[in-house]
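Below is one structure; the comments refer to it alone.
Residues: numbered from 1 along the sequence shown.
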Amino acid sequence: MSEFSTRRIKLVFSLSLLTTLISIIWFFIARGLDMSLLSNYIGATVPFFILSAFISKKGNLTLARFIYMIAFNLSVTLTASFIGKAGSVEFILMFALALPFVMFSFRREKSLIVFFSALSMLLWFLLYFTNFDLFTSIHMDQEMASTYVYPISVVTTIVLVTYQLIFFSYINAQYYSKIYNQREEAIEASNSKSRFLSMMSHEIRTPLNAVIGLSHILGDTNPRKDQEQNIEALNYSGKILLNLLNNVLDFSKMESTKIELDPIPTNIMAAVKQIKKIHEPSCIRKGITLKLAIDEEIPLVWLDVVRFNQVINNLVSNAIKFTDEGTVTLKIAKRSLADETIILSTEIIDTGIGIPKDQQEKIWQAFTQASSSTNRLYGGTGLGLPIVKSIVEAMGSKMEIDSEKGLGSRFYFDLNLKLATNQELERASYKKEHQLNGKRILLVEDNQINVMVGKQILEKAKLEVDVAYDGLEAVEKVREKEYDAVLMDIQMPHMDGYSASKEIRKFNTTIPILALSASVFMEVKSKILESGMNGFIFKPFDPNGLLDKIEEAVST
């Protein structure tokens with residue numbers, strides 16, 4: 001690829017051709033004024049301007065510009081010296097003085113700008129200091145020069161400057177048109193990405209809603225002791241799968257917004273107790289051992305446990321993926337304890353393939369792995385570690401790594417956390433009793449499994465539930481019956497949730513309508529509010545959170 005821009009090549013080429021034409025005109029003017037020696041000098045510069053155009057077209061812009069600038073400056077100075085002060089030809093040197101600023105790169109060729117600008121200024125001064133006797137002491141008649149040559153000098157200067165302005169206006173118009181088209185393409189690409197992520201989010205979150213909802217229902221129906229751990233693992237697995245989906249969505253949000261933490265009173269042992277149960281099957285299949293070394297004396301702390309588990313699960317999954325023999329160890333221990341704070345140390349150590357020193361910075365970049373063969377052998381999106389790094393930094397810490405190729409890896413970080421009390425933990429984990437007996441809810445949902453899950457959760461809270469399977473049916477049911485609230489799915493056949501809500505608002509402005517949305521994008525939230533809905537509940541929803549939202553809506 002050429003080191004010079006197309007714009008600059010076009011400029012030198014077209015300016016060389018224009019100057020060739022102007023020089024030919026001046027050649028005939030000198031001939032007409034019986035200044036044969038001057039006409040010969042001017043004629044001698046014409047081949048240099050043609051040569052400059054030819055060389056610039058071939059791509060050797062440095063030589064072309066040297067030839068052009070030397071020939072142009074000497075041509076103007078010679079003409080001014082022969083014609084004399086009255087012709088004002090030296091004013092064309094103003095154009096020559098400014099030309100290097102557009103002909104050369106200010107960043108890379110500053111010295112050439114200085115040189116050729118100084119050259120034009122020097123020639124101008126020499127003309128004045130020598131009283132225009134620089135190349136000859138015989139000048140044209142002053143009256144003839146002022147009558148005939150002066151207007152031609154002025155016109156030549158105006159033509160050159162005007163051409164320059166028109167050329168740059170045209171080039172800029174092309175440039176900004178290109179920028180506009182690129183901007184439109186970028187917006188369309190961004191919209192396509194948002195539509196894809198929104199659709200993917202909806203399609204994956206819909207069955208996840210069933211997994212998490214049914215595991216909650218199973219856990220709430222007095223399971224046998226031997227079933228409790230399996231139900232907890234099922235629920236936890238659903239949330240892990242949701243975290244994997246959130247990794248992709250989180251990355252999109254992390255590009256433009258800061259991660260928001262939601263710390264709650266947390267028992268670290270309870271928070272990570274499912275880690276082994278979730279990841280041990282993968283270890284057994286690979287013939288490796290998963291070890292947990294968690295300090296049992298860690299006190300209660302304020303921690304965004306969802307984000308913390310997201311970090312732990314990403315790092316443990318990563319360690320298992322790249323370890324074919326040996327162990328993967330999760331260590332969590334208190335490093336120091338003060339009156340109100342604790343420094344918590346977290347380490348994930350494996351005996352896997354390791355990471356070469358020169359690749360350790362690279363792994364924190366999105367969609368990047370230590371080598372091209374890594375993706376082929378082990379798979380993965382390359383998003384896990386960048387997200388881990390972003391979350392840990394949002395928690396006020398720094399992700400560290402010790403690793404050598406073939407000798408495994410150690411990922412570790414320290415968190416400075418505020419201590420929590422038993423009373424704060426009890427308040428945070430308190431199960432609120434919902435007062436919803438006899439309230440009538442319309443559940444608008446086209447997915448049969450989600451209808452089954454939703455009905456069981458709502459009816460268990462003593463709610464009366466009617467179901468509509470699309471927006472049209474929902475509008476007719478609200479028209480025919482009285483409901484305390486409507487739970488409205490967004491994406492449905494025949495009529496979507498937005499249109500259904502707008503239709504309902506035409507005849508009922510008071511009924512609370514809560515969107516059930518599997519999308520987390522701001523444009524979806526905006527459309528929900530614009531269509532007349534009162535709020536939104538994300539799928540997969542937390543059953544207690546769903547009932548809290550309904551209670552809040554029907555009590556206002």
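Because its NZ or CZ atom is not both nearer than 6.0 Å to the ring centre of F132 and within 45° of the ring axis, K85 does not count as a cation-pi partner of that residue.
By the 4.0 Å N-to-carboxylate-O rule, R65 lies close enough to E109 to be salt-bridged with it.
By the 4.5 Å heavy-atom criterion applied to side chains, P263 and L303 are not counted as neighbours. Residues D402 and Y412 are in side-chain contact: their nearest non-hydrogen atoms beyond the backbone lie under 4.5 Å apart. V388 has its side chain within reach of M399: a pair of non-hydrogen atoms, C-beta onward, lies under 4.5 Å apart. For the pair K286/D324, a side-chain contact is recorded, criterion being any heavy-atom separation below 4.5 Å from C-beta on.
Separating the OG atom in S409 from the CD atom in Q360 is a distance of 7.5 Å, to the nearest 0.5 Å. For the atom pair L112 CG and T62 OG1, the distance stands at 7.5 Å (nearest 0.5 Å). Put simply, CG on L123 and CG on L78 are 9.5 Å apart, with the number rounded to the nearest 0.5 Å.
For the pair S146 (side chain) and E143 (backbone), a donor-acceptor distance under 3.5 Å is present. Judged by distance alone, the side chain of S56 and the main-chain N or O of V12 form no donor-acceptor pair under 3.5 Å.
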Could you go through the side-chain contact (heavy atoms from CB on, under 4.5 Å) check for L385 and L315 one step at a time?
-> CA-CA 8 Å; L385 290 179; L315 291 174; 3.7 Å; yes
Show your working on ring-ring contact (aromatic ring centres under 6.0 Å, His included) between F135 and Y41 and close with a plain yes or no.
-> CA-CA 11 Å; F135 293 104; Y41 282 134; 7.9 Å; no
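Scanning both residues, H139 and S81, for their nearest heavy atoms gives ND1-O, 2.7 Å.
No option in I158, L160, L165, V159 other than I158 meets the side chain to side chain contact (heavy atoms under 4.5 Å, CB included) test with T162.
F72 and Y68 have parallel rings, their planes meeting at less than 30° on a 0 to 90° scale where 60° marks the start of perpendicular.
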